[in-house]
Amino acid sequence: MQTPAAPPSAEPTGHPRRGLVLTTMCAAVILVVAMVSAVNLAVPKLADSDLNPSPTQLLWFVDAYVIVFACLLIPAGVLADRWGRKRALLCGLGVFAAGCLICALATGIPMLLAGRIVTGAGAALVMPTTLSLALIAFPPAERPQAIATWTGAAGIGGVVGYLVGGALLQTLPWQGLFAAMVPVTAIVMYAVRYAPAAPRNPVPLDPVGTGLLVLGFVALLYGIIEGPAAGWTSAPIVSAFVLGLLVLAAFALQQARSRHPMLEPQLFRTPRLRAGALGVTTAFFAMFALFFTNAQYLQYIKGMTPLTAGVAFLPLAVSMMLVSRRASRLTARFGARPVMAVGILLIAASLLCVSWSDSRTPYALYAVYLVAAGGGMGLTLPPLTMGIMGSVPAHRAGLGSGLNSAAREIGSALGVAVIGTVTTARFAAADPAAGAGHHSAADILAAAARLGAGEHARAVTAFTDAAGTGYRVVAATLVVAAVFVLRWHRAPEPG
């Protein structure tokens, strides 16, 4: 399997404190990913607060962070290569903490949304720098294992967000979630001092390319996020998708003609980079579809509290972390494609099993499905990430990490949008009376719960049937994408 070449300044035997460096990088990743899921648990308390947000404002309270985070990942990776990855990581953590503090002190919705935007900008600087710094700390022979650990940490960040967010919000107001992140971020910043310094790549900045890329991503993500509520064929959503595609086409043309492109189009001629980008996107497409609907299933169908639901999701996180740490050895022995094929089949099989779960499914059996999903992710993500990082020059490691992270976030947004749309459409069709006036399956379930046992039982049945359809759509999409991923990922056979 191809390994990224070591930068000139990297020590041949690795950084003397590379274990601490990797732990710090994983902690930083978990911090920014956890904020994606944890904030969902704060919505009910915020809705009942003195700020009195509207439904639309609540939606942007959740999504503003994800949009800024996803849109700035590739430009942030390029900036880190130019500015210095360690400096960029410290700056990103500082901006992230400042955004959390603004949210905690917010006296109105505009200030709160501004804080979420600032936090997302900080997260975009953090995510790509962590992987590239972790690679520098390790000698080439140990990098596959470091990547496996990093991908495991990035994958379990959403579960950690549910656990920590649920625990904090059991006793604290919604502001407590953001206030708690400030000292945690300060501790991570202190530990970053042990990270190695990375060589800089003095490539000129590309403000035009950055603007086009950000505008294109914002338009597409707006369509993805707003589509379920506004309707996929509505004029604003169709316009957003058309604008996004046109702007991204203009970005590709501008990059092809630029003397110093931010993202060289010829990189995508490398089959393994295409395989890695598509594979990471579809893996997180499947995983966040599971995250999104699982939270509703465990709370509305199984009657769990947010904290209990977070604990109930632990089998997936533990399985993913344990398997990902062994993925590099399995890849070295059997080759990347067989390992990824088994992983993708495990994810697809777990989604199919979950699609048949209902209110009578025992949690012990449901936990087995989660273990299978986590194991599949643990097998799939490390070789995909290694394929991306091995396809870019060592001095552009920040760009490679930014591509990897952007694929994750776009896949995550797509997964939530697709399964949310399919589930809500099927749910409302099965029970039009309950669906009237509501925009999501969660809204319908919450409303049905207040109408009596009979109405609630009917809504529960409709929800599990609709969610099952959504899971099967996601599983089918994953399998189709896997055909291209495995075809493009022409890794050398193990010797």
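Within the 3.5 Å criterion, the main-chain N or O of Arg325 finds a donor-acceptor partner in the side chain of Gln145. Judged by distance alone, the side chain of Thr308 and the main-chain N or O of Met304 form no donor-acceptor pair under 3.5 Å. Between the side chain of Arg18 and the main chain of Ala137, no donor-acceptor pair closer than 3.5 Å is present.
Screening residues 338-354 for side-chain hydrogen bond (donor to acceptor under 3.5 Å, both in side chains), with sequence neighbours left out, gives no hits.
Between Phe463 and Tyr297, a ring centre-to-centre spacing not shorter than 6.0 Å is recorded.
The side-chain heavy atoms of Leu365 and Pro362, taken from C-beta on, include a pair separated by under 4.5 Å. Within the 4.5 Å cutoff, side-chain heavy atoms of Asn294 are placed close to those of Phe313. Side-chain atoms of Val485 and Leu384, non-hydrogen and from C-beta on, do get closer than 4.5 Å to each other. Using a 4.5 Å cut-off on side-chain heavy atoms (C-beta onward), Ile419 and Val473 make no contact. No side-chain heavy atom of Thr331 sits under 4.5 Å from any side-chain heavy atom of Pro144. Residues Leu316 and Tyr369 form no side-chain contact, since every pair of their non-hydrogen atoms from C-beta on lies 4.5 Å or further apart. For the pair Leu79 and Leu125, the minimum side-chain heavy-atom distance is below 4.5 Å. In this structure the side chain of Trp488 reaches within 4.5 angstrom of the side chain of Leu278, judged on heavy atoms.
Nearest heavy-atom pair, Arg408 versus Val33, reported as atom, atom and distance to 0.1 Å: NH2-CG2, 3.9 Å. Annotation for Val479 and Ala348: closest pair CG2-CB, 4.0 Å, computed over non-hydrogen atoms. Contact between Pro315 and Ala312 at its shortest, heavy atoms only, is CD-O, 3.3 Å.
The neighbour count for Arg193 CZ, taken as heavy atoms of other residues, nucleotides or ligands under 6.0 Å away, is above 12. For Arg472, the CZ atom is densely surrounded, since the number of other residues' heavy atoms within 6.0 Å is greater than 12. Within 6.0 Å of the CZ atom in Phe484, the count of heavy atoms belonging to other residues, nucleotides or ligands does not exceed 12.
Interatomic distance, CE of Met377 versus OG of Ser319, reported as 11.0 Å (0.5 Å rounding). The SG atom of Cys103 sits 7.0 Å away from the CH2 atom of Trp174 when rounded to the nearest 0.5 Å. Rounding to the nearest 0.5 Å places CD1 of Ile147 at 11.5 Å from CG of Leu381. Rounding to the nearest 0.5 Å places CG of Leu169 at 5.5 Å from NZ of Lys45. Remark: Arg360 CZ to Lys302 NZ distance equals 10.5 Å, nearest 0.5 Å. For the atom pair CG of Leu298 and CD1 of Ile301, the computed distance is 9.5 Å after rounding to the nearest 0.5 Å.
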